[in-house]
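For reference, the structure is listed below as C-alpha cells.
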Amino acid sequence: MTRPTPRWPYLLGLIPLATAGFGTAPLFWWAAFRTRRPDVRIGAVVYTLALVTAVALSSTERDESPLFAVAVAILFLIGAGHAFTLTRALYPHSGGPSLSATGPGNEAAVEDAYARMEQRRAAQALLSENPSLARELRIGRPDLPERSFDDGGLIDINQVPGWVLTRELELSPELAAQIIGERDRRRGFLSVDEIAVFCSLPPGLLPLLQDRLIVTPVG
C-alpha cells in the first residue's frame, strides 16, 4: 500500500512553534517510526535530550543557566526548521511533479515506484542495523529462491551472479561480466562507488546504481 500525499505537508514545521518546542521530540519520534531512517532517529534523540534539559531547568535554574536558553532554542527554532524537512522523509514525492501531470492512468505506476523507493530505504536501514537479520531475509539476493521479504529491488553487488545484473539492472552482458570479474579479483567491493573507479561505467549510470545496489562482506 502506498503512502498518500497530504495536502498540508509543510504544516509539520509548525508543530514545534505551536507547542513552544515541546512537541518537537514527539514529532521526530513519530517520524523515525514511520521512516526508519537513522538521521531522523538521531534528531529524535537530540530533541529528547534538549526537552529533558529544558524541563529539568525550567523550575530551578531557568533564569541562571544558559543551558535552558540553548535547549529552548534547539527545540523551538532549530526544531521548527528541521521539521519542515521531514516532508521529504515522510512524503518523498510531495515536492516532485504533480501526479496529474504524468498523464491519465499513470498515477498507480508512479505511486508504486515511490513505494519501492521507500521499501529500499527501509531495507537498507535494516541492513545497517541488523546485518544478520538482513542476511536471513535475503535482502539484495533476487537470485535466491523462497524470498518473502520485499526489499524494493535491492541487489547485493558482492553476492549476486552476473545474470542478475543484466536482468534486474538491464546492464549489457559485457559490463556485467566486467563488474563480476573485478569483484572477484578484488574479493568484493568495499562500496558501490568503487564500481565506477574500477569498471568502465557509462556516464550517468552510477547515480542510478546507487539507489539499487548494496555491498556486504564476501563470505
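Numbering starts at 1 and runs along the sequence shown.
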So which heavy atom on [X] is nearest to which on [Y], and how close?
{"X": "Arg41", "Y": "Trp29", "result": "CG-CZ3, 4.2 Å"}
{"X": "Gln159", "Y": "Arg183", "result": "N-NH1, 3.6 Å"}
{"X": "Val160", "Y": "Leu165", "result": "CG2-CD2, 4.1 Å"}
{"X": "Ala54", "Y": "Val72", "result": "CB-CG2, 4.5 Å"}

Would you find a donor on one side and an acceptor on the other, under 3.5 Å apart, between the side chain of [X] and the backbone of [Y]?
{"X": "Ser128", "Y": "Gln124", "result": "no"}
{"X": "Glu182", "Y": "Gly188", "result": "no"}
{"X": "Glu194", "Y": "Leu190", "result": "yes"}

Counting only pairs under 3.5 Å, give me each side-chain donor-acceptor contact of residues 15-23, with atom names and distances, residues two or more places apart or in other chains.
residue : atom : partner : partner atom : Å
Thr19   : OG1  : Ile15   : O            : 2.8
Thr19   : OG1  : Gly23   : N            : 2.8

Do the non-hydrogen side-chain atoms of Val192 and Gln210 ever get within less than 4.5 Å of each other?
-> yes
[X] and [Y]: same hydrophobic cluster, using ILVMFWY side-chain contacts below 4.5 Å?
{"X": "Val70", "Y": "Ile78", "answer": "yes"}
{"X": "Leu209", "Y": "Trp163", "answer": "yes"}
{"X": "Trp30", "Y": "Leu51", "answer": "yes"}
{"X": "Leu213", "Y": "Ile180", "answer": "yes"}
{"X": "Leu206", "Y": "Leu171", "answer": "yes"}

Can you give each donor-acceptor pair under 3.5 Å made by side-chain atoms of residues 139-153, sequence neighbours left out, with the distance rounded to 0.1 Å?
residue : atom : partner : partner atom : Å
Arg141  : NE   : Asp143  : OD1          : 3.0
Arg141  : NH2  : Asp143  : OD2          : 2.6
Arg147  : NE   : Arg141  : O            : 3.3
Arg147  : NH1  : Arg138  : O            : 2.8
Arg147  : NH1  : Asp151  : OD2          : 3.0
Asp150  : OD1  : Gly152  : N            : 2.9
Asp150  : OD2  : Gln119  : NE2          : 3.3
Asp151  : OD1  : Gly153  : N            : 3.0
Asp151  : OD1  : Leu154  : N            : 3.3
Asp151  : OD2  : Gly140  : N            : 2.7

Spatial distance of atom [atom1] ([X]) from atom [atom2] ([Y]) [nearest 0.5 Å]:
{"X": "Leu127", "Y": "Asn130", "atom1": "CG", "atom2": "CG", "value": "9.5 Å"}
{"X": "Ile214", "Y": "Ser191", "atom1": "CD1", "atom2": "OG", "value": "13.5 Å"}
{"X": "Arg212", "Y": "Ile155", "atom1": "CZ", "atom2": "CD1", "value": "4.5 Å"}
{"X": "Ile195", "Y": "Ser200", "atom1": "CD1", "atom2": "OG", "value": "12.5 Å"}
{"X": "Phe28", "Y": "Thr48", "atom1": "CZ", "atom2": "OG1", "value": "10.5 Å"}
{"X": "Arg121", "Y": "Arg116", "atom1": "CZ", "atom2": "CZ", "value": "13.0 Å"}

So Tyr47 and Ile42, side chain to side chain contact (heavy atoms under 4.5 Å, CB included) or not? Walk me through it.
-> CA-CA 9 Å; Tyr47 294 125; Ile42 291 173; over 6 Å; no
Where do Leu169 and Leu208 land on the side chain to side chain contact (heavy atoms under 4.5 Å, CB included) test, with the steps shown first?
-> CA-CA 9 Å; Leu169 299 178; Leu208 300 178; over 6 Å; no
Modelled atom types, side-chain donor and acceptor of Asn158 and Thr216, under 3.5 Å = no
Kindly determine whether Ile179 and Phe189 satisfy side chain to side chain contact (heavy atoms under 4.5 Å, CB included), including the steps that lead there.
-> CA-CA 10 Å; Ile179 292 174; Phe189 295 110; 4.0 Å; yes
Applying side chain to side chain contact (heavy atoms under 4.5 Å, CB included), run through Leu175 and Leu205 and close with a yes or a no.
-> CA-CA 12 Å; Leu175 180 55; Leu205 180 58; 3.9 Å; yes
